[in-house]
Every structure is written in C-alpha cells, then in structure tokens.
Protein chains: 2
Amino acid sequence: MTNIRDVAKSAGVSVTTVSRVLNNHPYVSEEKRKLVLKAIEEMKYHININAVHLTKGVTKLIGVVIPFINHPYFSSILDGIANEARKNDYKLILFQTDYDLDKEIEALEMLRMKQIDSLIICSRECKWSIIEEYETYGPIVVCEDGENLGVKSVYIDHYQAFKTGLDHLVNRGHKRIGYCIGRRTGKNSEQREAAYLDTLEKIDEPVHEDWIFDQAYTIVDGEKVVHRFMHLVERPTALLVTSDQVAAGILMQCSKEHIRIADELSIISFDNHPISEYLQLTTIDLPLEQMGKELLGAVLKPDPVRNRQMPFRLIERKSVKTL
Amino acid sequence: MTNIRDVAKSAGVSVTTVSRVLNNHPYVSEEKRKLVLKAIEEMKYHININAVHLTKGVTKLIGVVIPFINHPYFSSILDGIANEARKNDYKLILFQTDYDLDKEIEALEMLRMKQIDSLIICSRECKWSIIEEYETYGPIVVCEDGENLGVKSVYIDHYQAFKTGLDHLVNRGHKRIGYCIGRRTGKNSEQREAAYLDTLEKIDEPVHEDWIFDQAYTIVDGEKVVHRFMHLVERPTALLVTSDQVAAGILMQCSKEHIRIADELSIISFDNHPISEYLQLTTIDLPLEQMGKELLGAVLKPDPVRNRQMPFRLIERKSVKTL
DNA sequence: CTGTTAGCGCGTTCAT
DNA sequence: ATGAACGCGCTAACAG
C-alpha cells in the first residue's frame, strides 16, 4: 500500500507538504502542489483514514442507538438524524438494540474507545448514572426527558402529548377510554400510562386493564386489537393509539367488522404520518424528523441547553365523535 | 488519555504483555495477567480502537449503500444484513443515497480509505466497471444480477418474479394487465418492464402506457393509483403491484370507491409481508431478510460463488379472479 | 513557504 | 514466557 511517504519521495517534497495539499492547507506553492497532485495520481495514492483517526483522535462518526429501524416512529427520527448528519459531513454507525441493554453498552463502549465521536440514544435502557459516566468520553444525547440530570436530551413530553389526546376525548364527552401501545415498559410508556391513570382519576373513572392493548406496533396488529375489543363485555368509546400505523390497522379491521369509526369507536392516533391524513384520523403531530435533526445538532454543538423539549399539536380530523 | 504503555509501566511489565492479555493470547503467566488486569482496572484504561484499526488494517465495519431506510423492501433487507452482522461481530455504517450517485461513490471511497472492510450495495447507480475497480480495495457485493461480470452479487431475478405474476394472471384469463412500481428507472425496474412487455407481446396485447403507475412507494400512494385507475377510459382487469404496502393502499381506496377487489380488479403484490396475509392478497414471496443475510455472508466469505440468485414463490390468496 | 521530527496507541517479529 | 524495538500512515509543532 502506497503511503504519504512514498508520494513525498516521488514528488520530491516532504511528507508535510503532501499532508498540506491533502488537507487544503494554505502555504503551499502552486508549483509543489501540482507536483504532489501528479504523484498522487500516478501512484494511485489514497489516504488511510484510520491513521487520520488515530492522529486526530476523531472519526467523524456518530453512533445511533435505536431499538428497531423498521418502525415508522424510529425510522422517522433516524431519517432526521441521517439528513442532518450528511449536511454536517458525519457518518452514522448503527446500533440496533431490540431494547437489549448489552447492545446499548456496546455503543457506549465504542464511544469510550473513540470509534465514534458522539452518541445519540433514541431509546434508553441503561441507568442515567451509566450514561453520565460515559459522557466523559464524548457527547451523548438521549431522546428522552433528561430530567435536569447531567445528560443532554431532546425529547417529546409524552405525558403531556398523551394528556392532550385524553383531554380532547374527555372534552368531547368520552369517559370510557382505552389505549394501544407498543410495549408497557420503558420511560415513554410509563409516562403515557401515568397520563392515562391521572386522567381517569380526574374524571373519576375506574381503570379497565383490558382496555389497554399492548404489543401494538404495526398495521397488522390493529386486527388483534379489534378482536380483543370485540370480545370485551364492556367496551370503551374511544381509543388513544400510539401510532398512525396501528390506528390504520384498527380502521381497516373495524371496517371489516362493521364497527363504525367515530360513531362506535373514536380514535386519536399519534405521529401525523401521511396515512393519518389519508384516513382522516384525528392525530397528534409529533415532529419526529425535526427531533432527529435536533438530536444531531445537540450532539455536535456545545450548546448550553441541556434539555430541549419538542412541541406537538393535536390535529382534528374525523375519527372522534362528540358524545 | 492513558495508553497501553502507561499500563505496562504501572503493572511492571512490557507493553507486549499488556497487549497479550488484552487479546487473550496464551503464553502469559497467570500472575502477570492478574497484575495487568489490576492496573487496567485502576487506571481506567481502555483500548483505542483506532490504533488497532491502523495496525491491523481492518475495522470490523461494513458499509451498506441503500437508497432509503424507511421503505419496507429495503428495511427488510437491512434487517437481514444487520442481524447477520451482529452474529459475526461486525458493525454497519450506513450510506443512505436517495439514489444519488455521489453518495454511492462516497461509500466506495470509504472502502478505499479502509474505513470499512467491505461494502454491500443494495441499489447500484454507478457503472459496473467502477465497482470492479474499487473491488481491489475490499470485498463488494451488489444486490442485483452481477451478470457474470467480476462483481459478486446476491439478488432476486425480478424479470422472472414479475413474469411469474404475469403468467398467473394470464393463466387466469386476464389480458388487460397493468402494473404499479416505485420508479421507472433502475435495473430492477427495467427488468420488470421487460417482463411486462414480453408478456404483452406474447399474448398479443397492446401496451397502455397509462396502465403503468409509477411513483408508488407507500400505502398512501395507493390512493393516487386508484384515482388514476378510475379516470381511465379503458381499464385493466388486473394490476401487478411491486409492494404489499401499495397494494394495501389500493385495497383501502378501492373499498372507499366501491371497486370490488378481484371481481373488478385483480391484484398481485410482491414481498409477502404480514399485511398481505392480513388482506388476503395474492402475492409473490421475496426472501428479503434471507437475502440480507446472504449479502453479508457473501461479503465475509471468500466464497467462489459470485452470483447467487434467491428463490421466490407465488402465494395464492384471494385478490385474483379467474375470468 | 518548506522540511525534520516527534508523537498518536497498538501489534508483532525476534531475540532471550 | 517475556520484552525491546520497529512499523502502521498521518498530523502538527518547531525550526528554518
């Protein structure tokens, strides 16, 4: 493999000069620059970026910890991150965790070993204290309320977002409300459950454990939800659904089962992806791509703002009936 | 930053010995090993992986060139790649191209600069000759028929897959057949178009340019397809749809417009994702995850097989009517 | 403007 | 079983 020294020799200059033209430094005479360029061309020289990484202690690589990539919620965030990364000339290295703690630690370790300059954690499994510890090795930003701990965060207040949906339903006269969610565990899920329980308490309604439908990730999962819904002795009049996709599945299955959306079952979904407009779903818009963009921004800039909350807003369409 | 030399000093051994325990080499006395481990612990030493990369000339990183990540076709492949990568202790670095040639070249350059050990190209834009040229820098495998050129490939024969769908339709008495596709350009699309044209010619049917619906990527795009379909003076009796998602969208919109699937419009989709079973779509199963797995395998093993074709199969369900 | 030289942190002969 | 010394390819003082 031909290296910078070979080029220098062949061009009759020093390695420094070669390095300078390689990095577009000033203070190189046009004459020598041409000489070097010619040598590079002739010898088919190409820089070894690992040596650069070692020398500079930086890789221009950012790690992204993400549970899945084939879920619209996360792939939207990832899209936002990826686009912004490209703009800033960073590349992404993926740590798909399936919510596995070990995979997350692995990513943290890569930060420590300087394979990546910084780390974006889209879904946290490990303790805050662990993250704080690793922060000495490079910037870390978590997509979850940092709660004014040391860790930087860019996040959506899922408690308030959920509450907004709940309140909308309550204001429309609904009292019998259930919800669909991916998993019951994890910070975001807990926040949503808290909002749910708080609201029920406020309107003095009992909790129906069987009105909480979990394992709802995809459009196909909507089918199961509707099946379970139909077998209920007591049915809710409204459902909060944490993804437009699942809501779409519910709509489709309801149509098959002749359950009239809004009339018999009101739906508020989340994300405001194109499909929700198509289906005229009342939904809560979550600025996912934007959040991805800001996650990357946060990891890059030595911004003093540690906890950045993203806005959300309810978009009224036609899936909620006023009782 | 504490390095291997510091540890060696502190443990009272040579750097070589430290390196040995780091890499689990034999020929280190248990006594010294303990000493080293203790020093590592105390000094909070951690290896700098970039130095390892430089020395070894290898990074355990594989690049993946992919146009989008939020499209089921590609995210399925990516999933397959990612799972297999994890098993083999490789990490992935993503090059999302949006079909942009420059981004693809960028990935190729990373191979040349040894930032990645090998490269998987899920969708090729650049010339075969360019890829062959870069192959000197590391293994490359393309997810497209390599046509016995120098480049390794793992792919689906989209001509035959499309033909299989077409023949099924023809055998069921259909003659007026159209199709939906993401884009008209690109190798895969050209193959499908060729299969389409060949079939029409065989059954002596004219080509209706307006029976070819492009820009169909997502479930929402199904709406536009149906709109265009409805405004047709002459309508096809069947549609081949290159993704289950788009087919799902078509089904939904047809339901709204009271167009009866199968009876008025037969559909064959591709991929066999869960939604196709849910909707009872006749579809052509494409082993996407498996292909991802084999793409990674191909890039790792010095396998002599250069062109590996993946199988596919038609799954009959209820979206095709026999005329 | 240009070159010399000392690292960056680690792996690896090759003696011992 | 162990260590000295060199090399990986490049950058960045520093000197000129």
Side-chain angles (χ1 to χ4, degrees), chain A residues 1-40 43-61 109-117 137-138, chain B residues 1-40 43-61 109-117 137-138:
Chain A
M1 183 194 300
T2 126
N3 63 20
I4 200 174
R5 206 153 18 230
D6 301 333
V7 174
K9 199 175 301 172
S10 160
V13 300
S14 75
V15 289
T16 311
T17 303
V18 177
S19 174
R20 288 207 177 100
V21 344
L22 247 29
N23 295 286
N24 287 316
H25 265 282
Y27 301 139
V28 178
S29 66
E30 199 50 39
E31 173 191 18
K32 298 218 169 190
R33 154 168 277 116
K34 287 238 198 306
L35 239 41
V36 170
L37 256 20
K38 185 157 143 284
I40 286 179
M43 309 180 75
K44 290 183 178 300
Y45 165 81
H46 42 86
I47 202 168
N48 180 328
I49 210 151
N50 292 127
V52 179
H53 291 163
L54 175 59
T55 318
K56 292 211 179 151
V58 151
T59 59
K60 285 280 195 175
L61 240 38
E109 281 295 317
M110 295 311 244
L111 184 64
R112 178 204 291 233
M113 301 194 296
K114 302 187 132 326
Q115 169 139 14
I116 53 181
D117 292 349
Y137 303 116
Chain B
M1 182 194 303
T2 127
N3 62 22
I4 200 175
R5 205 155 18 229
D6 302 331
V7 175
K9 200 175 300 172
S10 159
V13 300
S14 74
V15 292
T16 312
T17 304
V18 178
S19 173
R20 288 208 178 100
V21 343
L22 249 27
N23 295 285
N24 289 314
H25 265 285
Y27 302 138
V28 179
S29 66
E30 199 49 40
E31 173 191 18
K32 300 218 171 192
R33 153 168 278 115
K34 287 237 199 305
L35 239 44
V36 170
L37 257 18
K38 185 158 143 283
I40 286 179
M43 310 180 73
K44 290 181 178 300
Y45 165 81
H46 41 85
I47 201 166
N48 181 326
I49 210 150
N50 291 129
V52 179
H53 291 163
L54 175 59
T55 335
K56 292 210 179 152
V58 152
T59 59
K60 285 278 192 178
L61 240 38
E109 281 295 316
M110 295 312 243
L111 184 65
R112 179 203 290 230
M113 301 194 298
K114 301 186 133 327
Q115 169 139 12
I116 52 181
D117 292 349
Y137 304 115

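In this text, all values refer to a predicted model and were calculated from it rather than measured experimentally. Note on naming: letters A, B, ... go to the chains in the order of the sequence lines (proteins, then strands), and numbering restarts at 1 for each one.
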Rounding to an integer number of Å, can you tell me how far Asn24(B) CG sits from dG11(C) P? 12 Å
Check: Arg20(B) side chain, dG11(C) base, donor-acceptor under 3.5 Å: no
Is there a side-chain polar atom (N or O) of Thr55(B) under 4.0 Å from OP1 or OP2 of dG7(D)? no
Can a side chain N or O of Lys32(A) be found less than 4.0 Å away from OP1 or OP2 on dG3(C)? yes
So, Ser19(B) and Thr16(B): side-chain donor and acceptor under 3.5 Å apart, yes or no? no
Should Asn50(B) be listed as having a side-chain N or O under 4.0 Å from OP1 or OP2 of dC8(C)? no
Closest to the Asn3(B) side chain: dG9(D), dT12(C), dC10(C)? dC10(C)
Considering just the side-chain nitrogens and oxygens of Ser29(A), establish if one lies under 4.0 Å of OP1 or OP2 belonging to dT2(C). yes
Would you say Ser19(B) places a side-chain N or O within less than 4.0 Å of OP1 or OP2 belonging to dG11(C)? yes
Taking Asn50(A) for its side chain and Asn50(B) for its backbone only, find out whether a donor-acceptor pair lies under 3.5 Å. no
Among the nucleotides dC10(C), dA5(D), dT4(C), whichever has the atom closest to the side chain of Val52(B) is dC10(C)
Distance in Å, Leu111(A) CG paired with Asp117(A) CG, rounded so as to fall on 0.5 Å steps: 8.5 Å
Here the distance between atom P of dG9(D) and atom CD1 of Ile40(A), to the nearest Å, is 15 Å
Looking at every strand, decide which applies to Leu22(B) at a 4.0 Å heavy-atom threshold: base, sugar-phosphate, or nothing. nothing
Which nucleotide in the list dG9(D), dG3(C), dG11(C) gets nearest to the side chain of Leu54(B)? dG9(D)
Given Ile4(B) and Leu22(B), is the side chain to side chain contact (heavy atoms under 4.5 Å, CB included) satisfied, shown in steps? CA-CA 10 Å; Ile4(B) 200 175; Leu22(B) 249 27; 4.1 Å; yes
Please report the distance, rounded to the nearest Å, between CD1 in Ile4(B) and P in dA5(D). 17 Å
dG3(C) phosphate, OP1 or OP2, under 4.0 Å from Tyr27(A) side-chain N/O: no
To the nearest angstrom, the CE-C1' distance between Met43(B) and dG9(C) comes to 14 Å
Show the nearest heavy-atom pair for residues His46(A) and Lys44(A), with the distance to one decimal. CD2-O, 3.2 Å
Let me know the distance between CG of Asn23(B) and P of dG9(C), rounded to the nearest Å. 17 Å
Using heavy atoms to find the nearest nucleotide of DNA chain C for Val15(A) and Met1(B) separately, return the residue whose nucleotide is more 5′. Val15(A)
OP1 or OP2 of dG3(C) sitting under 4.0 Å from any side-chain N/O of Thr17(A)? yes
Whole-Å distance between dC10(D) C1' and His25(A) NE2? 12 Å
Surrounding CD of Glu30(A) (heavy atoms of other residues, nucleotides or ligands, distance under 6.0 Å), is the total greater than 12? yes
Please determine if a side-chain N or O atom of Asn48(A) lies less than 4.0 Å away from the OP1 or OP2 oxygen of dG9(D). no
Let me know the distance between NE2 of His53(B) and C1' of dG9(D), rounded to the nearest Å. 15 Å
Just checking Val13(A): base, sugar-phosphate only, or nothing, at a heavy-atom cut-off of under 4.0 Å? sugar-phosphate
Spacing of Arg5(B) atom CZ relative to dT12(C) atom P, expressed in whole Å: 17 Å
